[in-house]
Amino acid sequence: MIPAIPAERRFALLNARVLAAHLPFAPVEFDRDGFALVDLMIDEGRFAAVSPAGAGPSADATLADLAGRIALPTFVDAHTHLDKAHIWGRAPNPTGEFMAALHAVAADRVANWSAADVARRMEFCLRTAYAHGASAIRTHIDSMGPQTLISWPVLQEARERWKGRIELQASPLFLIEMALDPRHMADVEAMLDAHGTGVLGAVTLMVPELKEGLAVLFDLAERKGYDLDFHVDESADPEARSLRVIAEMALKRRFPGKILVGHCCSLSLQTDDEFRRAIDASARAGLSVVSLPMCNLFLQDRRSGRTPRWRGVTALHELKDAGVNVMIASDNVRDPFYAYGDLDMLEVWREGVRVLHLDYPFARWADAVREAPAKAMGLKLDGVRVGAPADLIVTDAFDFTQLFARPQADRIVLRDGRRLAAPPDYAELDDRTRS
Ligand SMILES: [Zn+2]
């Protein structure tokens, strides 16, 4: 059991097992997973000392001995849908398939997504993610028809409310062909001007309007200094090759901003030649790639009555080996695109390890839930160093296999040196209390 964390403003955590990469000094001793044991002094919500275990903080503080338990820094979740989450109760996906999800969400959006409805579900998500240990999140915001003007003010209010606890970014989400509709783009631009976070995006598939639509978004992003964020090739069709189209357009235009691309499922199913060309172009264009292992496993290769044959995830190892900035993220939560999930990046990491083989060695992939998404989002991270906020996720595990064997539901999340409350109760969601 994790020992009690002192409630005082000044206390010490002894023998915390922290990844060497997260420490401000190169430890002399570390274990085979890449962890080192450290003593941490925490004073008024900040790290006052970070030292090798035993070199020890002064004895004038209350002590808690973690006895070698793993303590992680906070998580960064680069791809979520806080506006869609938790609608499953009133909008289930009848077959679990992608097109059924699209239709179920569209019907629910038109019928139910008032500002109050979006705000209530978004707030539940943020409280959940915070309790699990997230400190930064990017969400996509369905931006089509009247919804565009409803959701973006809600996003900005949430962003203000959570400032200092969760850094919240947002990217608009619509089909790339909609970029050719000037009225639609006027709404999107107005909302990004008023409430945006400097990120523009869309869903790309191999529609005839792909290049023309992309050009509109690149033009706008260059004019405004935006970054770009695309849902790319979320499909088992090997002919879905918009990843390379995006990469080549970025190269040709010398696009100066950051580009994050999500899913890229079909990359795994392409011919060797196309596979290599797409990865090479992605690397040269400086793209970041986010894989969504839980949602891909749920939606891809699903046909009623037939056992799935592939995992649905992109070629994350090959992308990383080619020098692409790669990461994993939550994606959908309890909505028609994914029936489960809880905005818990430790769950995403655990499932990522299993679905994508992010092990051997585990530490090689630890940046996929923090540093890599932070880079894609343009965030500066504090880490475990003197003067930084005392933010830590303390677990009951002593090595990576223990960390991923259990859900770590008893983890203690410290923010500014204080223990956070548990995630909110499902009873707070209308779709539960009404049933
Ligand atoms: Zn998504």
Side-chain angles (χ1 to χ4, degrees), residues 76-80 82-83 135-144 148-149 151-160 162-164 166-204 210-232 242-243 245-262 281-290 324-327 329 371-381:
V76 178
D77 198 345
H79 184 126
T80 68
L82 306 187
D83 58 345
S135 58
I137 294 177
R138 179 179 288 178
T139 182
H140 296 266
I141 298 288
D142 275 24
S143 300
M144 52 206 82
T148 309
L149 304 187
S151 291
W152 281 91
V154 173
L155 178 274
Q156 194 190 9
E157 282 171 21
R159 215 165 87 81
E160 287 295 321
W162 282 85
K163 212 166 240 171
I166 292 179
E167 178 73 31
L168 184 57
Q169 295 185 351
S171 173
L173 187 67
F174 51 84
L175 297 171
I176 189 67
E177 50 269 41
M178 293 175 71
L180 301 183
D181 175 355
R183 277 198 321 196
H184 164 75
M185 286 310 296
D187 277 355
V188 168
E189 189 175 340
M191 288 297 98
L192 292 196
D193 278 346
H195 312 294
T197 60
V199 190
L200 176 64
V203 180
T204 63
L210 174 62
K211 284 188 182 170
E212 218 183 324
L214 281 174
V216 171
L217 297 193
F218 272 90
D219 279 343
L220 179 57
E222 285 165 6
R223 184 156 57 82
K224 299 269 187 171
Y226 293 154
D227 292 334
L228 289 166
D229 191 326
F230 297 107
H231 276 67
V232 176
S242 68
L243 173 61
V245 177
I246 292 168
E248 286 175 352
M249 191 173 287
L251 283 166
K252 194 168 168 201
R253 301 178 70 118
R254 299 176 189 273
F255 180 69
K258 297 181 186 59
I259 303 178
L260 177 60
V261 292
S282 301
R284 281 187 296 119
L287 303 190
S288 291
V289 174
V290 57
V324 175
N325 183 44
V326 299
M327 68 211 73
E371 287 79 7
K375 183 178 173 193
M377 291 169 67
L379 303 175
K380 270 185 62 121
L381 296 172

Original post:
Rounded to the nearest 0.5 Å, how far does OH of Tyr226 lie from CG of Leu217?
Top reply: 11.5 Å
**OP:** Please name the pair of heavy atoms, one in Lys258 and one in Gly378, separated by the smallest distance, quoted to 0.1 Å.
**Re:** CE-CA, 3.7 Å
Original post:
Once you round to the nearest 0.5 Å, how far does CG of Leu200 lie from NZ of Lys224?
Top reply: 10.5 Å
Original post:
Does CZ in Arg254 sit with more than 12 non-hydrogen atoms of other residues, nucleotides or ligands closer than 6.0 Å?
Top reply: no
Subject >> Any donor-acceptor pair under 3.5 Å from Thr197 side chain to Ala170 backbone >> reply: yes
Subject >> Exam field: side chain Asn325 to backbone Ala372, donor-acceptor pair closer than 3.5 Å >> reply: yes
Subject >> Heavy-atom pair with the smallest gap, counting every atom of Thr204 and Ser242 >> reply: OG1-OG, 2.8 Å
Original post:
Less than 4.5 Å apart, any side-chain heavy atom of Ile141 and any of Val154?
Top reply: no
Original post:
For Ser143 and His184, which heavy atoms make the closest approach, and how far apart are they?
Top reply: O-CE1, 3.1 Å
Subject >> Minimum heavy-atom distance Leu214-Met249, with the two atoms named >> reply: CB-SD, 3.7 Å
Original post:
Between Met185 and Phe174, what is the shortest heavy-atom contact and its length?
Top reply: SD-CZ, 3.9 Å
**OP:** For the residue pair Phe218 and Phe255, categorise the inter-ring angle as parallel (less than 30°), tilted (30 to 60°) or perpendicular (more than 60°).
**Re:** perpendicular
Original post:
Hey, does Trp162 have a side-chain heavy atom less than 4.5 Å from the side chain of Ile137?
Top reply: no
Original post:
At what distance, to the nearest 0.5 angstrom, does CD1 of Ile246 lie from CG of Leu251?
Top reply: 12.0 Å
Original post:
Is the shortest heavy-atom distance from the side chain of Leu260 to the side chain of Val290 under 4.5 Å?
Top reply: yes
**OP:** State, yes or no, whether a side-chain contact exists between Glu167 and Met377 at a heavy-atom distance under 4.5 Å.
**Re:** no
Original post:
Once you round to the nearest 0.5 Å, how far does CG of Asp229 lie from NE2 of His140?
Top reply: 4.0 Å
Subject >> Close side-chain approach of Pro172 to Leu192, heavy-atom, < 4.5 Å >> reply: yes
Original post:
So do Ser282 and Leu243 actually touch side chain to side chain, heavy atoms under 4.5 Å?
Top reply: yes
**OP:** Starting from the C-alpha separation in whole Å, work towards a yes-or-no answer on side chain to side chain contact (heavy atoms under 4.5 Å, CB included) for His231 and His79.
**Re:** CA-CA 10 Å; His231 276 67; His79 184 126; 3.0 Å; yes
**OP:** Write out all pairs satisfying side chain to side chain donor-acceptor pair (under 3.5 Å) with one or both partners inside residues 169-180, taking only residues at least two apart or from two chains.
**Re:** Arg138-Gln169
**OP:** Kindly indicate whether the side chain of Arg253, heavy atoms from C-beta on, has any atom under 4.5 Å from the side chain of Asp219.
**Re:** yes
Subject >> Given Arg159, Glu160, Gln156, Lys163, the one that forms side-chain contact (heavy atoms from CB on, under 4.5 Å) with Leu168 >> reply: Arg159
**OP:** Look at atom NZ of Lys211 and say whether more than 12 heavy atoms of other residues, nucleotides or ligands are closer to it than 6.0 Å.
**Re:** no
**OP:** May I ask you to decide if Asp142's main-chain N or O and Asp83's side chain share a donor-acceptor pair within less than 3.5 Å?
**Re:** yes
Original post:
Looking at side-chain heavy atoms only, is the closest gap between Met327 and Ser288 below 4.5 Å?
Top reply: yes
Subject >> Which atom of Val76 lies closest to which atom of Pro373, heavy atoms considered >> reply: O-CG, 3.4 Å
